[in-house]
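Okay, structure first, notes after.
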Protein chains: 2
Amino acid sequence: MPRGFGRGRAIGPPWWQGRFRGAGYRLTVPREAILDVLSKTQRHLSAEDIYLAVHKGYPAVGLTTVYRTLELLAQMGMVFKFDFGDGRARYELSIGPKGTRHHHHLVCQQCGAIIDVDESTLARLQDVLLARYDFRASLRHVAIFGLCSNCRE
Amino acid sequence: MPRGFGRGRAIGPPWWQGRFRGAGYRLTVPREAILDVLSKTQRHLSAEDIYLAVHKGYPAVGLTTVYRTLELLAQMGMVFKFDFGDGRARYELSIGPKGTRHHHHLVCQQCGAIIDVDESTLARLQDVLLARYDFRASLRHVAIFGLCSNCRE
DNA sequence: CTCAATGCAAATCTTTTGCATGCTA
DNA sequence: TAGCATGCAAAAGATTTGCATTGAG
């Protein structure tokens, strides 16, 4: 099981333990393994990606549990679930010891590259949508499709 | 089969016949029925929605043909395929006798309402993404999630 | 000790594909 | 008539569910 996170904390419970105990959920081996995988990547993993990664260390963990855990984590607000239009959902840790991450993505329709977009880039859009359409955009699940610079050559 | 479109043209071939003949595709009963359904709604229909609507007038048309026709129409640029994150694709006619339509949508995560967004609202965003990320956003398949005014009360 | 959590298998749901037949051009 | 288009059935792929068992608190 993962212990510590970042440079200055070699020993101690992972940062997510409190979130589980506080909410009344049980901290189990599969759940810790899944959180461990998510916390160690910058990529946008599918349920099967996570299953395969977890499976290496814990072959007993099944795909069903991965799906159920991801649903729980999404409900707890600890992961974001994205749909990049390729028929499978992608998951990304939304919070960590260092705070919240970026939440917008540019998806290249040619090569499938995914570019993370800074929060501030879409901040103005949010205001426009609220003023013009009375719609409060969450802007946490924005995926914009197009062509990246490589594929435009 | 549908004949005419709009006020001033009671008789004459539907506006899409030329697009089919010109491209070398055959104009069949199922294809006309599907286009007829799409041209008569303002809603965002799923493949099954279209299948059910077509099925009323032409019970022999199968769901497979609906999917294949929609794929062809999307490839021809006559329909846009949207993913609103509910596990099924939605389709909308992209062109008509009156020209192109809007292509952006606000999806309410509470009630599922879909609000059409004017093209110009996102035009500026396109420039920003190109300048800052060297990414050419198509902005034809943008779905932004959030809460509509009703569900915020 | 209790009941939430798990694993397995089977079910679901949407979309795709194989193949023989039908129908447009 | 030729070959694209179709319908049916089955396949495929992602996700969910039923149920008996396990293990965290």
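Residue numbers begin at 1 in each chain, while the letters A, B, ... track the order of the sequences. Quick note: numbers below take in every heavy atom, side chains included, and nothing from hydrogens, waters or symmetry partners.
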A:I144 vs A:V117, side-chain contact (heavy atoms from CB on, under 4.5 Å): CA-CA, chis, key distance, verdict: CA-CA 10 Å; A:I144 296 177; A:V117 174; over 6 Å; no
Contacts of type side-chain contact (heavy atoms from CB on, under 4.5 Å), residue B:L52, not counting sequence neighbours: B:E48
Set of residues satisfying side-chain hydrogen bond (donor to acceptor under 3.5 Å, both in side chains) with respect to A:T64, sequence neighbours excluded: none
Contacts of type side-chain contact (heavy atoms from CB on, under 4.5 Å), residue A:R124, not counting sequence neighbours: none
Residue-level proximity of residues 66-74 of chain A to DNA chain D when a heavy atom falls under 4.0 Å: A:Y67, A:R68
Side-chain donor-acceptor contacts of residues 68-80 of chain A below 3.5 Å, not counting sequence neighbours, with atom names and distances?
unit_1: A:T69; atom_1: OG1; unit_2: A:T65; atom_2: O; d: 2.8

With sequence neighbours excluded, residues passing side-chain hydrogen bond (donor to acceptor under 3.5 Å, both in side chains) with B:R26: none
Residue list, ring-ring contact (aromatic ring centres under 6.0 Å, His included) with B:Y67, at least two apart or on another chain: none
Residues in side-chain hydrogen bond (donor to acceptor under 3.5 Å, both in side chains) contact with B:D49, at least two apart in sequence or another chain: B:S46
B:T64 or A:R31, whichever maps to the more 5' nucleotide of DNA chain C: A:R31
Under the side-chain contact (heavy atoms from CB on, under 4.5 Å) test, residues paired with A:Y51 that sit two or more places apart: A:H55, A:L63, A:V66
Where chain A begins and ends its contact with DNA chain D, read 5' to 3' at 4.0 Å from heavy atoms: D:dA14 to D:dG25
Spacing of A:L63 atom CG relative to C:dT6 atom P, expressed in whole Å: 13 Å
Interface polar pairs with nucleotides 22-24 of chain C, N/O, under 3.5 angstrom:
unit_1: C:dT24; atom_1: O2; unit_2: B:R26; atom_2: NH1; d: 3.0

Partner residues of A:R90 under the salt bridge (Lys or Arg N to Asp or Glu O under 4.0 Å) criterion, sequence neighbours left out: A:D86
Position toward the 5' end of DNA chain C (nearest nucleotide), B:Y25 or A:A60: A:A60
